[in-house]
Q: 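Handing you a structure now.
Because the structure is predicted, anything quoted here is derived from the model rather than measured. So you know, we letter chains A, B, ... as the sequences are listed, proteins then strands, and number each from 1.
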There are 2 protein chains.
Amino acid sequence: MRSTPVRKALLKILSKDQAPLSAFDILAKLHAQKLLANKTTVYRQLDSLEKQGLIHTVRLSDRSVRYELAGKDDHHHHLVCVKCNDVKDVDFENHLSRQEKNIEKSKKFKILRHSMEFFGLCFNCQ
Amino acid sequence: MRSTPVRKALLKILSKDQAPLSAFDILAKLHAQKLLANKTTVYRQLDSLEKQGLIHTVRLSDRSVRYELAGKDDHHHHLVCVKCNDVKDVDFENHLSRQEKNIEKSKKFKILRHSMEFFGLCFNCQ
DNA sequence: TTTATTAATGCAACAAAGTTGCAAATCATA
DNA sequence: TATGATTTGCAACTTTGTTGCATTAATAAA
Ligand SMILES: [Mn+2]
Ligand SMILES: [Mn+2]
Ligand SMILES: [Zn+2]
Ligand SMILES: [Zn+2]
């Protein structure tokens, strides 16, 4: 794993932004700072950073894909504003893990992971 | 809204299958019964049926999109088997609606809709 | 410091899943 | 059956990535 300009810039961009960014956003931000990376490179770096556990891929059910820096309290869910597209974190684990046990028993289904998102209007957009 | 062969066959296919189907699945099933419809037609019919409220589009966070017949007890969530791709319904509303109120208050976010899926192993695949 | 090694990059082509414009076919009804 | 609005097929296009391959560049070895 080498330390290249794209890799460094990419991590910096993700660490500055609190909301997860799309690959397109990231590419635009790189170009804005005169780092004219190719989209293939960006996708490959995102893959690589994900495999290293430095970032997480956020796949929302509206089919958009975004990337966020991995934190310590890792697993969480998102509030997605349908007007301005802002994304905020929200925690829900306690409530979910209790219910998952019920589901596993009643449905005879072994849950490995879940996804949950809330789509609506952020404070500014209401 | 006309009653065309594709439209009729499409509704019949969706009513036979309990698990939601992808556009590709549907196209394959149409072709299997010698109805050689074009993919554009299938997508347009799915759009139209969705607008009529006869079917629902299920957008999973793994980015797959499936279609299911609209029922009376409409809103629900899904258990998705990561091995055989089977999808089963699961209800979770009571638990969620209580928590959503907390979120709306504490995060000042107006929730319009949510999505939740559980990915794991169905009984047969465990 | 120079060289060698291997990862990272750019580019073009490809791919899956849809979408759109337009002309041709078909359904419904008068 | 003639008419007119819908539906359909087809080709081209879009978005979001992915892949092969030749070139460049970071780093470790000499
Ligand atoms: Mn997050
Ligand atoms: Mn369902
Ligand atoms: Zn907003
Ligand atoms: Zn299964």
Q: For A:Leu30, what are the other residues in its hydrophobic cluster, where any two members join if their side-chain heavy atoms are less than 4.5 angstrom apart?
A: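 Answer for A:Leu30: A:Val6, A:Leu10, A:Leu11, A:Ile13, A:Leu14, A:Leu21, A:Ile26, A:Leu27, A:Leu35, A:Val42, A:Tyr43, A:Leu46, A:Leu49, A:Leu54, A:Ile55, A:Val65, A:Tyr67, A:Leu69.
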Q: Test your reading of the model: is there a side-chain donor-acceptor pair from B:Glu104 to the backbone of B:Ile111, 3.5 Å cut-off?
A: yes
Q: Can you list the steps and then say if A:His76 with A:Asp89 is a side-chain hydrogen bond (donor to acceptor under 3.5 Å, both in side chains)?
A: CA-CA 7 Å; A:His76 59 270; A:Asp89 294 345; 3.1 Å; yes
Q: What are the residues of residues 26-45 of chain B, sorted by number, that bring a heavy atom to within less than 4.0 Å of DNA chain C?
A: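 Close to the strand are B:Lys39, B:Thr40, B:Tyr43, B:Arg44.
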Q: Under 3.5 Å, is there a donor-acceptor pair linking the side chains of A:Asn38 and A:Thr41?
A: no
Q: Can you tell me the distance, in whole Å, between the CZ atom of B:Phe24 and the P atom of C:dA16?
A: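 Going from CZ in B:Phe24 over to P in C:dA16 covers 9 Å.
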Q: Give a yes/no on whether any side-chain N or O of A:Arg63 is located under 4.0 angstrom from OP1 or OP2 of D:dT16.
A: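 No, A:Arg63 has no side-chain N/O under 4.0 Å of OP1/OP2 on D:dT16.
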Q: With side chains defined as the heavy atoms from C-beta onward, is the minimum distance between A:Ser48 and A:Met1 less than 4.5 Å?
A: yes
Q: In whole angstroms, how far is the P atom of C:dA17 from the CG atom of B:Leu46?
A: 14 Å
Q: Expected output is a numbered-order residue list: members of residues 3-22 of chain A with a heavy atom under 4.0 Å from any atom of DNA chain C. What is it?
A: A:Thr4, A:Val6
Q: Could you tell me how far apart B:Lys51 (NZ) and D:dT7 (P) are, to the nearest whole angstrom?
A: 11 Å
Q: Give me the stems containing DNA chain D, sorted by first residue, counting only three or more consecutive Watson-Crick or G-U pairs with both distances under 3.5 Å; say none if there aren't any.
A: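 If one scans DNA chain D for consecutive Watson-Crick or G-U pairs, the stems found are C:1-30 with D:1-30.
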Q: Using distance only, find each side-chain donor-acceptor pair of residues 118-126 of chain B under 3.5 Å and give its atom names and separation, not counting sequence neighbours.
A:
unit_1: B:Gln126; atom_1: NE2; unit_2: A:Lys108; atom_2: O; d: 3.0
unit_1: B:Gln126; atom_1: NE2; unit_2: B:Leu121; atom_2: O; d: 3.2

Q: Mind checking salt bridge (charged side-chain N to carboxylate O under 4.0 Å, His left out) for A:Asp17 and listing every partner two or more places apart, or none if nothing turns up?
A: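 Partners of A:Asp17 by the salt bridge (charged side-chain N to carboxylate O under 4.0 Å, His left out) criterion, ordered by chain and then number, come out as A:Lys29.
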Q: Return the value, rounded to whole Å, for the distance between atom CG of B:Asp47 and atom P of D:dT6.
A: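 That distance rounds to 16 Å.
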Q: Taking atom C1' of C:dC27 as reference, at what distance in whole Å does atom CE of B:Met1 sit?
A: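 Interatomic distance, CE of B:Met1 to C1' of C:dC27: 12 Å.
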Q: Is there a donor on the side chain of A:Arg2 or the base of C:dA7 sitting less than 3.5 Å from an acceptor on the other?
A: yes
Q: Going by heavy atoms in the side chains, are A:His31 and A:Lys34 under 4.5 Å from each other?
A: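 A side-chain contact is absent here, since even the closest heavy-atom pair is not under 4.5 Å.
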Q: Checking A:Glu117 against A:His78: is there a side-chain donor and acceptor pair closer than 3.5 Å?
A: no
Q: With distance as the sole criterion, is a donor-acceptor pair present between the side chains of B:Thr57 and B:Arg66 under 3.5 Å?
A: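 There is no such pair (donor and acceptor under 3.5 Å, judged by atom type) between the side chains of B:Thr57 and B:Arg66.
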Q: For residues B:His114 and B:His75, establish whether the separation of their ring centroids is below 6.0 Å.
A: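 So the answer is yes for these two rings.
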